[in-house]
Each structure stands twice: as C-alpha cells, then as structure tokens.
Amino acid sequence: MRSTMQGIPRFASSPARNVRRGKQGWVTRALLAVALTAAVPALGWADPGMRAKTRNTPFVFGPALLFEVDDIDSSAFEKAALDGARSFSALNGVPVTPYTPGGVAQRAQGADDNERFRAVAQAAVQAGHPVVVGVGYAFSAIFDSLAPLYPNVRFIMLDDAVQQPNVESLLFREEEGAYLVGALAALATRSGRLGFVGGRDIALIRKFGCAFMQGARDQRPDVSVAWRMTGTTSLAWFDPTRGARLARELVAGGADVIFHAAGQTGDGVIQATTGAGRLAIGVDVNQNGQAPGRVLTSMLKRTDIAVFLALKDLSEGHWTPGVRRLGLREGAVDWALDENNIPLIPEDWQDTLDRLRFAILAGQVRVANYEQEGRCAFADFGPLPPATE
C-alpha cells in the first residue's frame, strides 16, 4: 500500500504556503475563511448520490451553536467553530448564540453527558432558533431524534453524519492533513521512531493515526511508529496528565517526534514531549506557539471554515442536506507554518510537502481512510472498543 512519488512533478508553492510565508505572518481565521468562500462552491462538495441541492430564498436567522464543553476557549476544536460563526456574524450582522451544558438552566443535577447534551439541543430549538449547529459527534444521535420533531429547523452536524432530510453533515478528510504531518515527521526524525497519541479510541482518531503512519513510511520505509490511545470514553479528551504520561512512555521508547489527536489531553502531550527535548505535532488549530521551536507543526482541521461556509450557504438560500466532506482542496485541512516553527523546516522539506499536497489532490497518492476501510495496513489497532460513555 506504499504510494510512490516517482513521476510526480515539482509543484509550485501553494497559495496557502505563500500566505504563510508572507511578511504579515499567520492570517486570521476569519480573513482566510472569507477569502475561500468565492472558490469553494465550485469545487463539488456533495457525496455521490446525495440529495439534489435546492435553492431557496435568502434565509434570515440567528443560529445557535451547541457545545459539549463549558470552557469553549480551552478547546481548540470548539473555539475554532465559534470563531467561524463569529466571523460570519461580523460580516452579516447576524447574532450567533452559543449553548453550553453549564449554561442551560434545565440541566438536571447528576445527569449523564447524553442527558446534558440533549438538554442543550432542546434549549436551542425551544428558544426558536431556526438553525442549530452541533459542534462535535456527541450531538449526532440527538439530532437524529430531534430533526423529525422539528422539520422546519435546519440542523448542521459538525464531525459526524446524520441521515435526516433537514440535517447537513460536515465531515473532514482528516487523513489528508495527517498524511502530510506524518511525512514531515519522517523528514525530521533522527531516531527513526515516531509516536502518536490519540484521545478517545474511536474510528475517527484511528484515521488520524493510520494516515500519519502512512505519510511517514512513504518518506522513510524504515521508520517505526508507536501509538497510544488515552481512553474509551469522552473523558479521554480532557486528561492532559494522562497525555503527558503517554508521551513520556513514547519518548522512553525512542520516539523523537510525537503527533497528538487528543483534544485537551494533547496539551499534556505537547508539554511532556517538548519538555523532554523532543518535537511535538499539534492538531486542529495552530499549536506551534505552545512551545516555540519545539512544536514541529500542527495539523489544522478548520472547523471555522466549515461553520462559516455552511452559514453562508444558508444565508444565500442554498440549503444542502446530506454530507459535505472538506479537505485540502477546500482549505479545511492543512499544516501550520509560522514564525514559531519555520526555523525547523528547511525549504526542501516545504517543497516536499507541496509536492505531496499536489499528489493527493491529483489522485496520485491515495491516503488510507480507517473510517471507511475499518482497518489500517500500517498498524494493528485491534478491535474497536464498544461505544460507551
């Protein structure tokens, strides 16, 4: 399954990389989201067989964003989604209302996560929001049951798929970004040993790990990648202490570059990895500044762009129920290069990643997708644990 780079042309610096190299530094999420909107509609979002796109009159609304956590600013995935909504709000004068478990008055004392998240969703629809955005897969089952009860509400599900006629599901081709940072890790390693720390052990996180391993081995067939998963419940996203311990285990085994896809748990991974003098790779947003000169890069998962574009479509009367998948082509995944890590990445490494990006977009490199394939040719993750809270 190893993909070859023979015959792939040297590709000019991508527009994204030219932005990163500019004197103004890292462009704000809001400006990049706006810049991409003109190009994205022509790129073909829908999966084959998706319902035909319907065009309606422009939609006036005040969207609600539902979150699994109370402290949105401490979670990169959630904060980026809120940033995208606020960018849309600022450009269009439309109010955006966040809902969190702790902010919902009817939250039952002692309720489990599912009950609390359902209370969040019910609070939003009962408040009359005609557009409700669920940030995180915990809302997928809830939307599946609520959508038929509220047929006039347009639900937007981020990071999971819900098959209802009034739900739009926004998924990411995370494997494309994970492949690129895996290739970069292989270029940077001196020991030939890499590490991966996942959060909750689910197919989505295995997809990150498997593509990371593929990208690394396509650059260096002799490289080895050890992996750890934090846990099997939603608590696995919020345990930086355990993340640090897992990172130290990987460092002790010789890993000198460690990639995390573990939410807040990853803060501990970055701290322990860089504290040991090794290189870390962040996820979701640009985490390079957490340890300047010691974070090799961050794999960007642009939830801000996903939310911005979905709200933009609605505001213009373009409602598309079904599944949209966003990746390199749409600017929704990438790797981060800024003043904090550019000394770590020589020009020829940057050129290599540009060629790999082109090869993925051109179909010359096929990146493994654990979620679709149910297996990984580069690691034996074992059977998936049962879905529990």
Side-chain angles (χ1 to χ4, degrees), residues 13-14 16-17 20-21 25-26 76 174-199 208-220 222-228 240 243-244 246-263 265-302 328 333-357:
S13 296
S14 69
R17 202 177 97 196
R20 287 193 292 267
R21 284 177 170 174
W26 190 262
E174 297 96 344
E175 70 277 8
E176 295 176 351
Y179 180 95
L180 292 179
V181 300
L184 182 58
L187 294 171
T189 182
R190 295 181 178 180
S191 68
R193 298 179 181 180
L194 308 176
F196 171 75
V197 177
F208 279 87
C210 186
F212 174 75
M213 296 173 189
Q214 180 186 1
R217 291 181 181 170
D218 277 2
Q219 290 302 305
R220 281 189 56 177
D222 63 327
V223 78
S224 64
V225 184
W227 58 273
R228 299 286 188 278
L246 295 176
R248 286 192 291 267
E249 289 179 8
L250 294 173
V251 168
D256 59 358
V257 185
I258 299 177
F259 173 41
H260 88 83
T265 298
D267 292 341
V269 175
I270 292 175
Q271 183 179 24
T273 301
T274 59
R278 308 306 196 270
L279 295 172
I281 298 177
V283 79
D284 290 344
V285 299
N286 186 352
Q287 297 185 301
N288 297 351
Q290 288 192 20
R294 300 308 306 173
V295 177
L296 179 64
T297 189
S298 298
M299 196 217 95
L300 305 178
K301 182 174 176 178
R302 302 296 301 273
L328 289 174
V333 301
D334 208 337
W335 64 281
L337 182 65
D338 63 11
E339 66 278 6
N340 294 301
N341 70 331
I342 196 167
L344 300 172
I345 305 176
E347 191 83 7
D348 59 331
W349 294 5
Q350 297 175 41
D351 290 341
T352 295
L353 293 191
D354 277 342
R355 294 198 302 273
L356 289 171
R357 175 190 281 107

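Using modelled atom types, no side-chain atom of Gln219 and backbone atom of Leu187 make a donor-acceptor pair closer than 3.5 Å. Asp218 places no side-chain N or O within 3.5 Å of a backbone atom of Gly215 that could act as its donor or acceptor partner. Looking only at distances, no side-chain donor or acceptor of Asp334 sits under 3.5 Å from a matching main-chain atom of Leu328. Looking at Ser298, its side chain never comes within 3.5 Å of a backbone N or O of Val283 through a donor-acceptor pair. Looking at Arg294, its side chain never comes within 3.5 Å of a backbone N or O of Gly275 through a donor-acceptor pair. A donor-acceptor contact shorter than 3.5 Å links the side chain of Asp256 to the backbone of Ser191. Between the side chain of Arg278 and the backbone N or O of Ile258, no donor-acceptor pair lies under 3.5 Å. Formation of a donor-acceptor pair under 3.5 Å by the Thr189 side chain with backbone atoms of Ala185 is not found in this model.
Residues satisfying the side-chain hydrogen bond (donor to acceptor under 3.5 Å, both in side chains) criterion with Thr297, sequence neighbours excluded, are absent altogether. Judged as a side-chain hydrogen bond (donor to acceptor under 3.5 Å, both in side chains), and not counting sequence neighbours, Asp348 has no contacts. In this structure, the side-chain hydrogen bond (donor to acceptor under 3.5 Å, both in side chains) partners of Glu174, at least two apart in sequence or on a different chain, are Lys207, Lys301.
Residues Leu353 and Ala183 share a closest heavy-atom pair of CD2-CB, 4.1 Å. Considering every non-hydrogen atom in both Thr265 and Gly243, the closest pair reads CG2-CA, 3.6 Å. Arg193 and Val223 make their closest contact through N-CG2, 4.5 Å (heavy atoms, listed as atom of the first residue, atom of the second, distance).
When Ile345, Leu300, Leu296, Asn286 are each tested for a side chain to side chain contact (heavy atoms under 4.5 Å, CB included) with Trp335, only one passes: Ile345.
Considering only heavy atoms from C-beta on, Phe259 stays 4.5 Å or farther from Leu194 through its side chain. For the pair Trp227/Phe212, no side-chain contact is recorded, criterion being any heavy-atom separation below 4.5 Å from C-beta on. Side-chain contact between Leu344 and Leu279 is present, with heavy atoms from C-beta onward closer than 4.5 Å. A 4.5 Å side-chain heavy-atom check between Met299 and Leu180 finds every atom pair outside the cut-off.
More than 12 non-hydrogen atoms from other residues, nucleotides or ligands lie less than 6.0 angstrom from CD of Gln290.
Interatomic distance, CD1 of Ile270 versus NE2 of His260, reported as 4.0 Å (0.5 Å rounding).
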